[in-house]
Amino acid sequence: MKKAIKIISIILAVCIVIGGAVFGFVKSEEINFFFSKMHAVQVSISDGTWKDEMKKPEVNVAATGFTPGTYGGVEFSSVEDVAKYYVAAYDKTKAETATYIDADGNEQVYYAFVGDEELIPTSILIEGKENPIITKLGPVIVSSIFHANVGGLPPSSNRDPKYDVDENNNPLLTSRLKAKDIKKCSVVDNKDGTITLTIIPIDCNMSHKGLDAQGNMFNALGPIDETVEAIEQLTWATGDTAQNCRVVYADGTAVVKINTATQKIVEADYDMKVTASVTHANISVVKDKSATLVLDYIQHFPASDEYLKESRGLVRK
């Protein structure tokens, strides 16, 4: 997810620069120059068109804790049973493909069960404090560089199974989730032939897609060290990138509804929660500053026909 990796580094650096501007340390032309240098991202901050109110994500259903029992005719005696049932349903669902017509009228074979996505900045702090202007700019910056896509069940790097691989080029066609990855989970019988699993993976720093607890459940962003280090204007007052840059994943929730007759996923909501922070950062005349960004990366399955058409010009055949 190269775009998402850039998002983290860009917004963090932008937070620091804007924070300096708010307090009179950086001029607007310096900010615009900084934007132009960072991956050619152009964002205007002088026209006053940012949103009046930052969008708030919906609150997920929290896992209350696992209780052994029989749910929808399926016996769950341990957290390991929950993990195994999720993996089986994931693998069976992700194995199915479907034909789509793209914007050019060509047929494409992608995952049959695809979802939408949304990236929401929920908090931006400069030196531990929130500034209303910076907070309102967050969604504007995100919308300028993040373009919603269509993807397979996470973790997934592509909606085309042929290109769905991790950073080591190993396939992500099946789930790697294990009981040891789960911090909390619950099972609910919906009394309609489906059960709902709610799973919260254990916390991770610098999570890798398909390679750790968070990456086995979500589309983790991977390490951002290299991206941050590529920003020529960014240096450290003390320490190095590894010491001053953290991306912590904690309390993200997967809510997955499974048809017990087919053992396939019929609906799912993945809410990955990320807290990215930098400390002791220098940018231009801004010296030894810290910034923290909290993100919600939300995916819903299945994506609607309208979303497929509007976001990527795809039509289910």
(request) Could you go through the side chain to side chain contact (heavy atoms under 4.5 Å, CB included) check for Y249 and V247 one step at a time? (result) CA-CA 7 Å; Y249 300 73; V247 182; 3.7 Å; yes
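- Judged as a side-chain hydrogen bond (donor to acceptor under 3.5 Å, both in side chains), and not counting sequence neighbours, Q214 has no contacts.
- Within the structure, salt bridge (Lys or Arg N to Asp or Glu O under 4.0 Å) contacts touching residues 70-89 (residues at least two apart or in different chains) are E80-K84.
- Proximity of M206 to R246: side-chain heavy atoms (C-beta onward) are nowhere separated by under 4.5 Å.
- Note that OG of S156 is 10.5 Å distant from OH of Y270, once rounded to the nearest 0.5 Å.
- Of the residues listed (P121, S277, S123), the one engaging V294 in a side chain to side chain contact (heavy atoms under 4.5 Å, CB included) is S123, and it is the only one.
- A distance-only check finds no donor-acceptor pair linking the side chain of K257 to the backbone of T194 [under 3.5 Å].
- For T99, the side chain to side chain contact (heavy atoms under 4.5 Å, CB included) partners at least two apart in sequence or on another chain are E107, V109, K317.
- Identified under the salt bridge (Lys or Arg N to Asp or Glu O under 4.0 Å) test for residues 297-306, with sequence neighbours left out: D305-R316.
- Annotation: the span from L177 atom CG to M217 atom CE amounts to 4.5 Å, rounded to 0.5 Å.
- When the side chain to side chain contact (heavy atoms under 4.5 Å, CB included) test is applied to N244, the partners found at least two apart in sequence or on another chain are W236, T279, H280.
- With hydrophobic clusters built from ILVMFWY side chains whose heavy atoms lie under 4.5 angstrom apart, V248 does not share a cluster with L293.
- Y90 meets the ring-ring contact (aromatic ring centres under 6.0 Å, His included) test with Y86; sequence neighbours excluded.
- L197 and V74 fall within a single hydrophobic cluster, where Ile, Leu, Val, Met, Phe, Trp and Tyr are joined by side-chain heavy atoms under 4.5 Å apart, directly or via other members.
- Judged as a side-chain hydrogen bond (donor to acceptor under 3.5 Å, both in side chains), and not counting sequence neighbours, E267 has no contacts.
- Taking the ring-ring contact (aromatic ring centres under 6.0 Å, His included) definition, one finds that Y71 meets it with nothing, sequence neighbours left out.
- Residues passing the side chain to side chain contact (heavy atoms under 4.5 Å, CB included) test with K183, sequence neighbours excluded: I200, I202, D203, D251.
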(message) side chain to side chain contact (heavy atoms under 4.5 Å, CB included) for Q299 and F218? Distances and angles first, verdict last.
(response) CA-CA 9 Å; Q299 291 181 281; F218 301 121; over 6 Å; no
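- In this view, N259 and A261, T262, V266 satisfy the side chain to side chain contact (heavy atoms under 4.5 Å, CB included) rule, not counting sequence neighbours.
- Hydrophobic clustering, defined by side-chain heavy atoms of Ile, Leu, Val, Met, Phe, Trp and Tyr closer than 4.5 Å, groups Y100 together with Y110, Y111, V114, V150, L173, Y307, L308, L314.
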(request) Would you check, one step at a time, whether the test side chain to side chain contact (heavy atoms under 4.5 Å, CB included) holds for T275 with T292? (result) CA-CA 7 Å; T275 300; T292 299; 3.7 Å; yes
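- Note on V87 and F66: same hydrophobic cluster, where clusters join Ile, Leu, Val, Met, Phe, Trp and Tyr whose side-chain heavy atoms are under 4.5 Å apart, directly or indirectly.
- Under the side-chain hydrogen bond (donor to acceptor under 3.5 Å, both in side chains) test applied with R176, the options N170, D166, D181 reduce to a single match, D166.
- Using modelled atom types, no side-chain atom of D271 and backbone atom of G252 make a donor-acceptor pair closer than 3.5 Å.
- Listed by chain and number, the residues in a side-chain hydrogen bond (donor to acceptor under 3.5 Å, both in side chains) with E96 are K264 (sequence neighbours excluded).
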